[in-house]
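What follows is a single structure, written as structure tokens, with notes after it.
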Amino acid sequence: MITIDHPSIRTENGAATISYPILQDGQAPRTLSFTVDSRFRDFLNPGRADGAIVALLPWISRQGGQARILPAISPRLYHFGIRILSHILTGIGPFLKPVELVGEVNAEALSPIPGRRTGTGGSLGVDSLCTIAELEKAGTPVTHLFHNNCGSHWGSRELLDGRRELCRKFAAEQRKEFVWMDSSLSDFYGNDGYLNFFPFLDAGSILALNGLFSSYYYSTSCEINHPSFTKRDKTEYCAFHLESHILQGCETETTRFQMHGLDLTRAQKTAIIANYPPAYQALNVCLERVENCGRCAKCRRTISQLFLLEKLFSFSKVFNLAPFREDPVRFLALGMLQDPHFRKETESLIPISAALTQQEKRRLRLLYLRKRLFQPFQRSRH
């Protein structure tokens with residue numbers, strides 16, 4: 001059985017940390033911690049464990065499912081949220097067990113905090129910038145940008161710190177509150193665990209701030225009819241297939257989650273940020289470096305789409321365009337070969353794009369087909 005014990009809070013060097021002792025029968029005690037700027041110290045509540053239970057739910061499920069929670073949790077979570085989340089987890093695979101709360105549970109609602117505080121992720125990728133742009137257009141602008149140490153930079157402090165500074169700069173320029181968080185969730189899930197359960201980890205981190213965000217817009221990376229929603233995805237990863245259901249189960253009386261982007265393809269999101277000037281000096285998609293390298297799969301994907309939308313040079317300050325300028329047609333063909341989803345996205349834009357001549361479009365098609373035929377031959381030689 002897992003016990004989430006009463007936490008302690010300490011403040012030092014401009015940061016505040018809430019630490020939950022995590023006790024497990026027959027195992028050494030662990031600590032789950034959430035650290036934020038000391039400006040947000042008052043949102044860390046030692047009497048509550050909403051964020052801790054949500055963030056640890058998949059891990060608890062893998063440890064057998066029984067849990068005791070000593071601090072208070074939201075009545076919404078207690079009466080049906082955890083039940084929904086447990087049901088989702090047990091559908092992933094036999095290695096995940098139903099979560100059962102053992103003993104007396106203190107289900108107590110937080111008092112509402114006056115004011116509207118709308119948050120979203122601050123990765124500054126296509127998904128998050130699209131959310132920011134559309135909410136601004138709709139008249140409900142984002143007030144807080146959230147940047148935590150879960151994600152593509154997990155395991156690399158250099159990437160985390162570099163991207164965090166980019167987000168901090170963007171928030172200051174756009175007059176938004178910047179909220180950073182470091183947690184010890186990697187101690188429970190390892191560096192790869194985020195990919196399997198990221199809605200739980202992200203939502204738990206947000207709930208650890210107990211109502212700082214009255215509404216949080218979660219930028220989904222896939223549209224609802226995305227071709228990657230396959231039986232394999234449902235079996236091996238709960239994240240993309242079940243995001244909206246997971247986030248519904250994570251809601252409390254003081255924090256509501258909204259999904260943004262379920263109806264948009266990646267190309268459509270790119271078109272939206274292509275007409276959002278703040279993105280021109282902020283877009284950050286690179287898989288490998290703090291600054292966009294211009295060569296990795298995500299850089300190639302985004303450069304290709306911006307080029308076909310005839311908006312690439314608006315983003316010339318954030319991309320290394322040297323690899324693209326060497327041979328734009330070859331650059332597009334290589335991007336199409338890297339991933340079948342990237343290929344479909346590119347092919348959807350080619351017929352309507354004026355960035356390529358008809359001769360260049362024919363060359364692109366031939367180059368892609370030639371390299372695709374050659375790929376199996378290359379693999380067979382190794």
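Note that the structure is predicted; figures quoted are calculated from it, not measured.
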task = Identify the residue among Ile2, Leu56, Leu57, Leu85 that makes a side-chain contact (heavy atoms from CB on, under 4.5 Å) with Val99.
result =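 The passing option is Leu57.
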
Checking [X] side chain against [Y] main chain: does a donor-acceptor pair fall under 3.5 Å?
{"X": "Thr346", "Y": "Phe342", "result": "yes"}
{"X": "Ser33", "Y": "Ser19", "result": "no"}
{"X": "Thr118", "Y": "Val142", "result": "no"}
{"X": "Asn292", "Y": "Cys286", "result": "yes"}
{"X": "Lys169", "Y": "Ala282", "result": "no"}
{"X": "Arg330", "Y": "Pro328", "result": "no"}
{"X": "Tyr280", "Y": "Ser316", "result": "no"}
{"X": "Asn148", "Y": "Met181", "result": "no"}
{"X": "Tyr78", "Y": "Val105", "result": "no"}
{"X": "Thr252", "Y": "Thr255", "result": "yes"}

Running the 4.5 Å side-chain criterion over Ile, Leu, Val, Met, Phe, Trp and Tyr, what cluster does [X] land in, apart from itself?
{"X": "Leu23", "value": "none"}
{"X": "Leu70", "value": "none"}
{"X": "Phe178", "value": "Trp180"}
{"X": "Ile272", "value": "Leu264"}

Pair [X] + [Y], salt bridge at N-O below 4.0 Å:
{"X": "Arg39", "Y": "Glu177", "value": "yes"}
{"X": "Lys298", "Y": "Asp339", "value": "no"}
{"X": "Arg168", "Y": "Asp161", "value": "no"}
{"X": "Arg365", "Y": "Glu347", "value": "yes"}

Nearest 0.5 Å, please: how far is [atom2] in [Y] from [atom1] in [X]?
{"X": "Arg41", "Y": "Leu209", "atom1": "CZ", "atom2": "CG", "answer": "12.0 Å"}
{"X": "Gln268", "Y": "Ile273", "atom1": "CD", "atom2": "CD1", "answer": "13.5 Å"}
{"X": "Arg76", "Y": "Ile84", "atom1": "CZ", "atom2": "CD1", "answer": "8.5 Å"}
{"X": "Cys296", "Y": "Gln338", "atom1": "SG", "atom2": "CD", "answer": "8.0 Å"}

Notebook entry, point to check: Who passes ring pair (Phe, Tyr, Trp, His ring centres under 6.0 Å) against Tyr218, sequence neighbours left out?
Noted result: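 Partners of Tyr218 under the ring pair (Phe, Tyr, Trp, His ring centres under 6.0 Å) test: none.
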
Residues 304-312, side-chain donor-acceptor partners within the protein, below 3.5 Å, at least two apart:
from   : atom 1 : to     : atom 2 : distance (Å)
Ser304 : OG     : Arg300 : O      : 2.7
Gln305 : OE1    : Thr270 : OG1    : 2.9
Gln305 : NE2    : Glu345 : OE1    : 2.8
Lys311 : NZ     : Asn275 : OD1    : 3.4

message: Under the rule for salt bridge (Lys or Arg N to Asp or Glu O under 4.0 Å), what residues qualify as partners of Arg48, not counting sequence neighbours?
response: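 Salt bridge (Lys or Arg N to Asp or Glu O under 4.0 Å) list for Arg48, sorted by chain: Asp50.
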
Practice item. Please collect all side chain to side chain donor-acceptor pair (under 3.5 Å) contacts where either partner lies in residues 123-137, sequence neighbours excluded, each pair once. Key: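 Residue pairs passing side chain to side chain donor-acceptor pair (under 3.5 Å), neighbours aside: Ser123-Ser128, Asp127-Lys269, Thr131-Ser219, Thr131-His260, Glu134-His260, Glu136-Tyr276.
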
Taking side chain to side chain donor-acceptor pair (under 3.5 Å) as the definition, give me every residue that meets it alongside Arg325, ordered by chain and number, with sequence neighbours left out.
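Testing Arg325 for side chain to side chain donor-acceptor pair (under 3.5 Å), a comparison that skips the adjacent residues, returns none.
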
Which residues pass the side chain to side chain donor-acceptor pair (under 3.5 Å) test with Glu253, not counting sequence neighbours?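 Glu253: side chain to side chain donor-acceptor pair (under 3.5 Å) contacts with Ser74.
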
Distance under 6.0 Å and angle within 45° of ring axis: Arg30 vs Phe188
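Verdict for Phe188: a cation-pi partner in Arg30.
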
Fit a plane to each ring of Phe43 and Phe40, take the angle between them on a 0 to 90° scale, and name the class: parallel (under 30°), tilted (30 to 60°) or perpendicular (over 60°).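 Aromatic pair Phe43/Phe40 classed tilted.
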
Name the atoms and distances for all side-chain donor-acceptor pairs under 3.5 Å in residues 3-12, with sequence neighbours left out.
from  : atom 1 : to    : atom 2 : distance (Å)
Arg10 : NE     : Glu12 : OE2    : 3.3

What salt bridge (charged side-chain N to carboxylate O under 4.0 Å, His left out) pairs are there with at least one residue in residues 77-96, not counting sequence neighbours?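 Not a single pair qualifies under salt bridge (charged side-chain N to carboxylate O under 4.0 Å, His left out).
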
